[in-house]
> 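Take a look at this one; I'll ask things after.
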Amino acid sequence: MEPGRLFSDPTAAPIPPQPAAPDRGRPDPVEALARLRAGNARFIANTSPPGGGSQPFAVVVGCIDARVPVETVFGQGAGAICVVRSAGHVLDRAVTGSVEFAVTELRVPLVVVLGHDDCRAVAAAYEAVRTGRRPAGARQFLIDQITPAIPAAASAGHSLDKATRDHIRRTVAALRQAAYLREAFTARRIDVVGGLYRLESRRVEMV
């Protein structure tokens, strides 16, 4: 990859030079993603302690699943990542507002939507589409937000893994269009990317 290109769009033009910021240690979106991927490699290899920081360089929108400890997965210590969680990384005003806060107030350059395999929220939505039965209570909101990624759960070639990936992509697209993120993304001050955490291998795959 050429320096200055966003990871999620390798065909994009190079990012124009930016004036020096007062806090020169803050990474650009490409470097921020490289730090997370390097940290995940350390986690997989069980090498080196997690790195911390006085300023966060990424915000991760993840699932509430306790099997996915976000800072640990990315090999980071306290202060490096802002973490926003909801079941199935479903967006609502609180989640989106928290991401906007991290980008606008904390000047975080990278937003990561982190899904994972064996996601029970996606599985519940998959089952709701298959059977036509929706759960009771506030869980209906979660199911309603995930089911667009499952247009035909019973069709050949469709799987829970594909539904999970599609849901991640839809969440990324929604954040890129959020009111206070769209301008920063278009100006390439931030990047918004998706990742899929594999529970067995502990590897994060970019989606």
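Numbers here simply count residues along the sequence, with the first being 1. Only this structure's heavy atoms are used, side chains among them; waters, hydrogens and symmetry mates stay out. Quick caveat: nothing in here was measured; it's all calculated off a predicted structure.
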> Determine all donor-acceptor pairs shorter than 3.5 Å in which one atom belongs to a side chain in residues 178-187; sequence neighbours excluded.
from	atom 1	to	atom 2	distance (Å)
Arg182	NH1	Gln177	O	2.7
Thr186	OG1	Arg182	O	2.8

> Which pairs of donor and acceptor atoms, one on a side chain in residues 61-68, lie under 3.5 Å apart (sequence neighbours left out)?
from	atom 1	to	atom 2	distance (Å)
Asp65	OD1	Arg67	N	2.8
Asp65	OD1	Arg67	NE	2.9
Asp65	OD2	Arg67	NE	3.2
Asp65	OD2	Arg67	NH2	2.7
Arg67	NH1	Asp118	OD2	2.8
Arg67	NH2	Asp118	O	3.0
Arg67	NH2	Asp118	OD2	3.4

> Kindly give the heavy-atom pair with the smallest separation between Gly88 and Ile146, and that separation in Å.
CA-CD1, 4.5 Å
> Ala32: which residues meet the side chain to side chain contact (heavy atoms under 4.5 Å, CB included) condition with it, sequence neighbours left out?
Pro27, Phe57, Pro109, Leu110
> Can you list every side-chain hydrogen bond (donor to acceptor under 3.5 Å, both in side chains) pair that touches residues 195-207, not counting sequence neighbours?
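Residue pairs passing side-chain hydrogen bond (donor to acceptor under 3.5 Å, both in side chains), neighbours aside: Asn46-Arg202, Asp161-Arg198, Arg165-Glu205, Arg198-Glu205.
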> Do any N or O atoms from the side chain of Asp191 and from the backbone of Pro29 form a donor-acceptor pair under 3.5 angstrom?
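No, Asp191 side chain to Pro29 backbone: no donor-acceptor pair under 3.5 Å.
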> Looking at Ala163 and Val122, what are the two nearest heavy atoms and their distance?
CB-CG1, 4.2 Å
> List the steps and the verdict of side chain to side chain contact (heavy atoms under 4.5 Å, CB included) for Gln55 and Arg107.
CA-CA 9 Å; Gln55 289 183 318; Arg107 298 178 60 205; over 6 Å; no
> When rounded to the nearest 0.5 angstrom, what distance separates OG1 in Thr164 from CD1 in Ile168?
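Between atom OG1 of Thr164 and atom CD1 of Ile168 there are 6.5 Å.
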> Only distances under 3.5 Å count here; give the side-chain donor-acceptor pairs of residues 89-99 to other protein atoms, sequence neighbours excluded, each with its distance to 0.1 Å.
from	atom 1	to	atom 2	distance (Å)
His89	ND1	Thr171	OG1	3.3
Asp92	OD1	Ala94	N	3.1
Asp92	OD1	Val95	N	2.8
Thr96	OG1	Asp92	O	3.0
Ser98	OG	Ala94	O	2.8

> With sequence neighbours left out, write down each residue that passes side chain to side chain contact (heavy atoms under 4.5 Å, CB included) with Glu127, or none if nothing qualifies.
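Testing Glu127 for side chain to side chain contact (heavy atoms under 4.5 Å, CB included), a comparison that skips the adjacent residues, returns Arg130, Thr131.
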> Does any part of the side chain of Val172, heavy atoms only, come nearer than 4.5 Å to the side chain of Val193, both counted from C-beta?
no
> Mind checking whether Arg134 and Asp144 have side chains closer than 4.5 Å, heavy atoms only?
yes
